[in-house]
Protein chains: 2
Amino acid sequence: MNKKVSCRECNNEDCLIKRHCTPDYLAKIGLKRVQIEHQAKDSIFREGGYVGGIYFIQHGKVKIIAHGGDDREQIVRMATDGQIFGHRGLGDDLYTVSAFALSDTVVCFIDNDTMYDAYMHNPKLTYQMLEFYSLELQKAEVRMKYLAQMNVREKVAEALLLIRDVFGTHPADGTLNVCLSRQEIADMTGAMVEQVSRELGEFQKENLIAKTGRSGIVITNVNGMLELIKKYGTEQYATQPN
Amino acid sequence: MNKKVSCRECNNEDCLIKRHCTPDYLAKIGLKRVQIEHQAKDSIFREGGYVGGIYFIQHGKVKIIAHGGDDREQIVRMATDGQIFGHRGLGDDLYTVSAFALSDTVVCFIDNDTMYDAYMHNPKLTYQMLEFYSLELQKAEVRMKYLAQMNVREKVAEALLLIRDVFGTHPADGTLNVCLSRQEIADMTGAMVEQVSRELGEFQKENLIAKTGRSGIVITNVNGMLELIKKYGTEQYATQPN
DNA sequence: CCCCAAAGATGACATAAATCATAGCATGCT
DNA sequence: AGCATGCTATGATTTATGTCATCTTTGGGG
């Protein structure tokens with residue numbers, strides 16, 4: 001398990017900083033950034049807190065949630081190695097979402113001033129960040145359609161495919177590479193936990209999924225799952241996990 | 001009504017190009033960009049088409065829609081003067097959404113190569129674009145929560161407040177500055193048009209809104225509308241229209 | 001000015017999903 | 001091992017919303 005390392009040693013080849021900064025800025029950022037370890041279920045930042053910079057995931061899994069009414073939560077995004085979260089413009093902006101570790105996670109935090117300096121002198125970095133946000137916006141737009149139009153059965157199917165797409169599957173037995181509770185799947189879909197339980201039971205009866213142990217899930221028939229939601233357009237979800 | 005003008009003549013002070021490009025790049029872009037007029041209800045681009053560049057709204061109103069199942073549509077965003085739409089990364093990406101004019105509209109189209117050149121030499125422009133997408137992503141995340149968790153009554157209230165926030169109100173009588181059909185409000189919320197009709201009728205009985213003519217709506221009690229959805233967090237929507 | 005097409009409103013009914021209640025099952029702890 | 005706790009499963013019931021049918025209103029064009 002790789003823990004704290006310097007940028008030079010870091011073997012995360014997806015990191016936009018590492019890929020698009022000049023060597024001198026890579027060194028500069030390496031000195032300023034803060035590496036933070038979080039255990040599964042830890043809060044990384046919380047809604048209402050001050051946005052002082054931006055997080056890059058060196059290694060681990062993160063969920064981004066918005067707080068809804070009646071103590072409900074909405075999982076709006078999930079992220080893993082090399083991905084970015086928690087950036088919100090300069091100024092005194094406050095977080096509108098919270099972030100939690102889903103597994104033991106190491107994040108790099110870089111403050112706004114350091115990033116701004118890097119942006120002004122590494123146009124390719126800024127451009128790639130722009131691309132990253134543009135693509136995330138695109139995904140969010142498609143997801144809005146899903147959440148507004150699908151019924152619960154379809155939303156649960158979509159949630160499982162999204163989990164598979166973001167975190168992939170275990171090579172040995174095909175289990176999804178993250179353990180989310182029924183409540184967390186409910187928080188992805190906006191449905192009630194009992195309904196999620198029922199739908200998962202249905203999927204199992206139909207041999208679309210297999211459940212192993214406490215909420216470990218294998219999607220045994222990916223094409224069957226895709227079939228359930230294809231009328232909404234499924235460009236997003238590859239047949240093979242990434 | 002201002003139609004086609006040069007960048008120098010353009011009085012759109014919100015344009016990020018105009019605000020953040022050096023004079024030589026402003027001239028360069030002015031030569032390459034294409035100004036296009038669209039009438040209300042015209043398609044500007046369509047899902048599946050090739051993304052050749054990016055659109056800036058010089059003057060007008062636009063809706064961005066995703067095609068759902070059973071011929072349903074989902075309005076994922078609306079935009080007006082000075083705002084950006086239709087950008088998707090370099091390469092052979094295809095649009096995942098369509099854009100339509102909601103009123104007579106003049107857009108500036110700038111091709112990818114020209115924008116990339118400008119990005120590489122105008123770091124502040126690139127940074128402001130990054131900020132723009134980051135803020136849009138933030139809005140989309142909050143909207144995801146709304147669409148997943150609200151009931152239809154709340155979603156219709158939220159849609160009206162969003163329309164007011166994006167397009168503002170007519171100073172004379174307070175009418176929302178855009179005429180959306182019941183079907184379009186349904187497309188914002190993911191609900192059925194009959195249900196939207198019913199909820200608007202309820203709002204009228206409760207003196208929260210007044211309906212004038214064919215779908216011209218006045219929100220007569222903004223605080224009352226905000227009250228309906230406050231448990232989900234309403235930071236987004238100012239009491240005064242922008 | 002009147003007619004027509006399209007949009008909007010409304011009632012009756014069917015269905016999906018939330019809610020409530022309770023039981024079963026793992027996991028961790030002593 | 002055995003208990004306690006929190007997650008999961010499932011049935012019964014209520015509520016919300018989608019669906020279908022019908023009627024009304026609106027605004028534009030002959």
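Sequence lines set the chain letters: A, B, ... in the order given, protein chains first and strands last, and positions in each chain run from 1.
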Indicate the atoms forming the closest heavy-atom contact of B/Thr80 with B/Gly60, along with that distance.
OG1-O, 2.9 Å
Please find the pair of heavy atoms, one from B/Asn177 and one from B/Thr169, that lie closest to each other, and give the distance.
ND2-O, 3.3 Å
At under 4.0 Å, does any side-chain N or O of B/Arg182 touch on OP1 or OP2 of C/dA9?
yes
Tell me whether the OP1 or OP2 atom of C/dA9 has a side-chain N or O from B/Lys211 closer than 4.0 Å.
yes
Tell me if the NZ atom of A/Lys231 is crowded by more than 12 foreign heavy atoms within 6.0 Å.
yes
Nearest-Å distance, [atom1] ([X]) to [atom2] ([N])?
X        : N      : atom1 : atom2 : value
B/Ile185 : C/dA7  : CD1   : P     : 14 Å
B/Met192 : C/dA16 : CE    : C1'   : 13 Å
B/Met150 : C/dA17 : CE    : C1'   : 19 Å
A/Glu202 : D/dG11 : CD    : P     : 10 Å
B/Glu154 : C/dA18 : CD    : C1'   : 14 Å
A/Asp71  : C/dT19 : CG    : P     : 13 Å

Distance-only donor-acceptor test, B/Arg198 side-chain atoms vs C/dG8 base atoms, 3.5 Å
no
Five-pair end axes of the helix from C/dC1-D/dG30 to C/dT30-D/dA1 and the angle they enclose, rounded to 10°
30°
Interatomic distance, CZ@A/Arg33 vs CZ@A/Phe109, rounded to 0.5 Å, equals 13.5 Å
Within residues 55-69 of chain A or reaching into it, pairs that qualify as salt bridge (Lys or Arg N to Asp or Glu O under 4.0 Å) - sequence neighbours excluded:
A/Lys63-A/Glu184
For residues B/Val196 and B/Met192, determine if any side-chain heavy atom of one lies less than 4.5 Å from a side-chain heavy atom of the other.
no
Can you figure out which of C/dT10, D/dT8, C/dA9 approaches the side chain of B/Glu194 most closely?
C/dT10
Decide, yes or no, whether a salt bridge links B/Lys155 with B/Glu158 under the criterion of side-chain N to carboxylate O below 4.0 Å.
no
Does the ring centre of B/Tyr55 sit less than 6.0 Å away from the ring centre of B/His87?
no
Grab the N/O contacts between the protein and nucleotides 14-16 of chain D below 3.5 Å, and write none if there aren't any.
none

Qualifying residue for side-chain contact (heavy atoms from CB on, under 4.5 Å) with B/Met188, from B/Leu160, B/Val156, B/Ile163, B/Leu147:
B/Ile163
